[in-house]
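A short write-up of the structure that comes next.
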Amino acid sequence: MKIPTFFKSLMTAIIFLLIPWEGKATGLSGDFIYLQGEEWELLAKPINRDSVLFHRLMEFLPDNYCITTANWEGYTAYWEVQQSHLYLHHLEVCVYDKQKKEEYSLTYQPDQLKEVFQPYYQDEKIGARWFSGELRAGKGELVRYVHSDFDRNLETEQVMMLQHGRIKSCRTYHNTLRAGMKMQHAQDEIIRRFPWHRFPEYKGQRITFFVENVQCSSDGHLVDVDVRTIFVRPQRENIEDGNHPLAKAFEEVLKSIYPWEVLFINGKYTIEFKDFVLSIWKDKLKPSQTNDTTKYTLVGKVYGEEVRQIPPYDVVKFPAGGAYLTLAGKPFQGWLADSTGTFSIEHLEKGEYRLKVQFIGLTSCDTLIHVPMKDDTLQLRLSLPYDYIEKYDCSPALSREYIEQGKPNLRLIIPIGKEEIIRKYPFWKKYGVTYFSYAPLKKDGKLDCYLGTPNHLLTAYNEEVFRYLDKKFGQKWRKEVPPGIFGLDQSLNELHDYNWLIKTLSRECKYPVAQQKRNKGCVLQVEYTVTPEGYISHATVLNQVPRAFRKSVMQVFQSLRNVPTVLRPGKSTLSIQFWLDNMAKGPHADVLIIGYSSCDTPVLMRYDAVLTAHTTEPHLEVGVPVCYLNERGDTIVPYGKYRYCQTDTITEIGFVYENKPKKSRIVCINDAGKELFYVFKCDNGPDYLKEGLFRMMDEQGRIGFADSSGNVVIHPQFLYATPFANGHAYVTEHGGESNEREHTSWQSDEWKIINRNGNKLLEYTVIQEDKAVKELLIRYSHPSGSIRSLTYTYPEDIVLADNFHAEVTLKDLNFDGQDDIAIPLGNYGNQRIQYEDGYLWDKTQKTYVPVKQLKEIANLRIDKEERCLFSFSRESAASYHYERYEYVDAELVKTAELIQTYRQAGGKPLFTEKHYQKGKGMRVAHSSVPIHEISHYWLKIVQK
């Protein structure tokens, strides 16, 4: 039935009247996943991603299964991760018995679901090979909640990227909330502050604002907001102008409120609602809101952040007992949090208060609260002093500063007693690097003094030095570094939890050789005790087993006694099974130690093992055939399988050549000998690692990108792609190879520029007439979601070379953090002077606008530190010309000039310096002076 337009409008109006805030759907309950021996909430339902699989499951479930608005499917799946693959552990379904009038749960194991998951059922397990994409798992307290789908965030989250059920990457985030004014509680405050006197024509009207892209700073200031539409009722006026006085007044009011509640979610600052709808009207406030004389008590809890003093040296929270609290307007009163971080402030009247919380060594919290609170308990979190740490102690900027001074510096931890060994390590002198050790590591695995900088900041600091060393020395330095360096030593990143214990036992327990030869297996029940400090103090085998098996396990537990862990204190039991590959599959065990019935049979690799190349030739070098053996001497890759190797030792991935007489491709294999993908050839070898990625190919020769661990970051899909540079790569689906002398290049008139996530930033087409380049058609994505285009016509007053290569580059030309468009115009003259033209991204107009004077700048260079552009050219054999350009009132202006002249052969140069004066142009500041008298900025440029 067709609904009349009148009724549609009426229904819409009723909805907006009843729901002044953001319209929301139902929040959904997700599945669960076992990670590191703990149950995490999975904020997704992976089965629903495959519609065929989902319908099969729905047909399989009993007819009387229960549904709720949070779980329309009626089932809850439990998942687990094994060997970096996602598997279905079991399925639970709530059903309703009509006769007994009660609910109960049914549990389905994988073997009971094999008909539903038939394509994915193998070895009595169901692998989620249908699933590709992102999965979020969370635990802890709820930090952010939107009553829609899975739009919520928990205190700790793991974000996993999967490809066909295999986890390619996983990042852990610690989400926090800085208390402040919530958007959904701010309506009354906004009405109070709104300048109604400026809008008498809207008296008695209800004004509804549709707001988008709300942005807040880390300290709770509102930075920017877009008012998309304004509805005025009953006047029936619709305003779609973000610059309307009503919109500007509303924006001013929002910015005047401080602080807003700020969330730090998955590495970014945000607020609960970026888009919302809010209605205000002058007479909304009730008289009772100003006449309440009831006394209230404010109860809350203060948490502080600290660095965990054992690996992975991450940020954890603790009850901030002794935190000091004050209220603005009560200068002679203060309150202390008790040993659990709890505080209580009594005899408060209804209203708004500014609460300040302080704790020694942490960033104080200054927040706005409303009494009475809707929540029973206020929770406050005091963060580490990140601003101080990054400014004075450890940040990428400080690391770059040391590098520019010629003093690259690494941060590391040295075990106690090994200070002299690390100090004399040849690496420091060979590569010109110094180090700073935070604290000696004692024999019990704990630091001798407090480490106040978390791992992620230390790693970010060191990564600047890694990039510097990679650029200067290649990759060879990585094989010569001492242990204990943040960002390189993976033992510093490993959380010693239950999952670590299982992995360690699986890796370190040796299968007794004598028992293996006799084809004997065994299952041990081991009880171990963890002290309150986190140390394994005692372990006992509970059942009767051969001595060799017991000795193998007890030796590993003995080696772990001085290792600090986060294991649950008290007694626990593990089942450890020694299993031969020719045995029938045994019962489920927590730890599986695999043995092999014949040493001549290729074996499966152990976790985190290393492959080493061996050859029958006199010398092991690139080009000779090899086999690969593991640490036990087992043959993983048989001799002759590949033509020759490019990698002699494989810790994660290596490169080998197919055993073909012609056109052999390069294959990437992992430390289990498994072939991952083909590798793009560059300079007759595997592609170089650029900005952490190298080019890989599929069977059809399509190009994608992988990282140094063999994870496919951008799936193969391009006919050709360039390496990454400055965060960008050029890809195309057109064109072909062109041979220029000994080098091969790719010629195409259609290119796309992508970022490291594979997202397209823009694309362009080269338009030619009679084989001469005339124009560029550039297409880019507008924030509204539409595709915009602009056409660039090459200037008629320049003559492009015959071999001119037309292209578009992305650079930040005006230092606003946005990518601008730069268009090279070629090289000219015997000095090969380069010129460029370009466009700037205009945030206001949300489009690209031409840059005046850019194409007049010779040999354009960008100085990010000084936030300026400069040029360099040689005017004659004895004269050099330097120019500096800056943005003055949004216009590119030449602000300084330097002329370097040699008056006689072998003599020292003299300099003439000019400065820009507004309204007067260029004025001479120094004339024919020696180098020590010119400005410091030019001194840096000339010396380079």
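Within a 6.0 Å radius of CZ in Arg171, other residues, nucleotides and ligands contribute 12 heavy atoms or fewer. For CZ of Phe318, the number of neighbouring non-hydrogen atoms (other residues, nucleotides, ligands) closer than 6.0 Å is greater than 12. The environment of Tyr388 atom OH is sparse: at most 12 non-hydrogen atoms of other residues, nucleotides or ligands sit within 6.0 angstrom.
Across all non-hydrogen atoms, the minimal contact from Cys216 to Trp260 is SG-CB, 4.0 Å. Closest non-hydrogen pair, Cys394 versus Tyr461, comes out as SG-CB, 3.4 Å.
Looking at Asp812 and Asp820, their side chains come closer than 4.5 Å, going by heavy atoms from C-beta outward.
Side-chain N or O atoms of Glu261 include none that pairs as donor or acceptor with a backbone N or O of Ile271 at under 3.5 Å.
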Inset, instruction - Check the pair Tyr780 / Tyr848 against ring-ring contact (aromatic ring centres under 6.0 Å, His included), numbers first and verdict last. - result: CA-CA 10 Å; Tyr780 60 93; Tyr848 285 103; 4.8 Å; yes

Inset, instruction - May I have the step-by-step check of side chain to side chain contact (heavy atoms under 4.5 Å, CB included) for Tyr296 and Lys350, ending in yes or no? - result: CA-CA 7 Å; Tyr296 297 91; Lys350 185 173 184 176; 3.9 Å; yes

Inset, instruction - Go through Arg381 and Glu155 one step at a time and tell me if the salt bridge (charged side-chain N to carboxylate O under 4.0 Å, His left out) criterion holds. - result: CA-CA 12 Å; Arg381 183 161 177 163; Glu155 194 172 25; 3.4 Å; yes

Inset, instruction - Begin with the C-alpha distance, continue with both residues' side-chain angles, and end with the deciding distance and a verdict on salt bridge (charged side-chain N to carboxylate O under 4.0 Å, His left out) for Glu352 and Arg192. - result: CA-CA 13 Å; Glu352 180 181 283; Arg192 288 191 190 96; 5.8 Å; no

Legend entry - CA sep, side-chain torsions, deciding dist, call: Arg308, Asp314, salt bridge (charged side-chain N to carboxylate O under 4.0 Å, His left out): CA-CA 6 Å; Arg308 195 197 306 263; Asp314 55 349; 2.7 Å; yes

Inset, instruction - Could you check Asp31 against Trp79 for side chain to side chain donor-acceptor pair (under 3.5 Å), going step by step and ending with a plain yes or no? - result: CA-CA 8 Å; Asp31 292 341; Trp79 305 84; 3.1 Å; yes

Inset, instruction - Decide salt bridge (charged side-chain N to carboxylate O under 4.0 Å, His left out) for Lys248 and Glu252; before the verdict, give the C-alpha distance in whole Å, the side-chain angles of both, and the deciding distance to 0.1 Å. - result: CA-CA 6 Å; Lys248 291 300 182 182; Glu252 290 172 9; over 6 Å; no

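Rounding to the nearest 0.5 angstrom, the gap separating the CD1 atom in Ile257 from the CD1 atom in Ile190 is 5.0 Å. In this structure, CD1 on Ile280 lies 5.0 Å from CD1 on Ile207, to the nearest 0.5 angstrom. Atom CG of Leu135 and atom NZ of Lys45 lie 12.5 Å apart (nearest 0.5 Å). Note: Leu355 CG to Leu327 CG = 5.5 Å, rounded to the nearest 0.5 Å. Atoms CG and CD, from Leu142 and Glu41 in turn, are 8.5 Å apart once rounded to the nearest 0.5 Å. Going from atom CG of Leu336 over to atom OG of Ser344 covers 13.0 Å, rounded to the nearest 0.5 Å.
For Asn238 and Arg233, the side-chain atoms include at least one donor-acceptor pair closer than 3.5 Å. Remark: the Asn455 side chain and the Asn493 side chain contain an N/O donor-acceptor pair separated by less than 3.5 Å. Tyr386 and Glu305 form a side-chain donor-acceptor contact under 3.5 Å, judged by distance and modelled atom types alone. Residues Asp393 and Thr453 have side chains that bring a donor and an acceptor to within less than 3.5 angstrom of each other.
The ring-ring contact (aromatic ring centres under 6.0 Å, His included) with Phe231 is formed by just one residue from the set Phe210, Trp281, Tyr202; it is Phe210. Of the listed residues (Thr176, Asn153, Val143), just one forms a side chain to side chain contact (heavy atoms under 4.5 Å, CB included) with Phe264, and that residue is Thr176.
Aromatic pair Phe209/Phe276: centroids not less than 6.0 angstrom apart. Phe250 and Phe194 have their aromatic ring centers separated by at least 6.0 angstrom.
Pairs passing the side-chain hydrogen bond (donor to acceptor under 3.5 Å, both in side chains) check and including a residue from residues 332-341, sequence neighbours excluded, read Asp338-Thr340, Thr340-Thr342.
Of the charged side-chain nitrogens involved, none lies within less than 4.0 Å of a carboxylate oxygen, so that Glu157 and Arg152 do not count as a salt-bridged pair.
In this view, Glu886 and Cys868, Arg884, Thr895 satisfy the side-chain contact (heavy atoms from CB on, under 4.5 Å) rule, not counting sequence neighbours.
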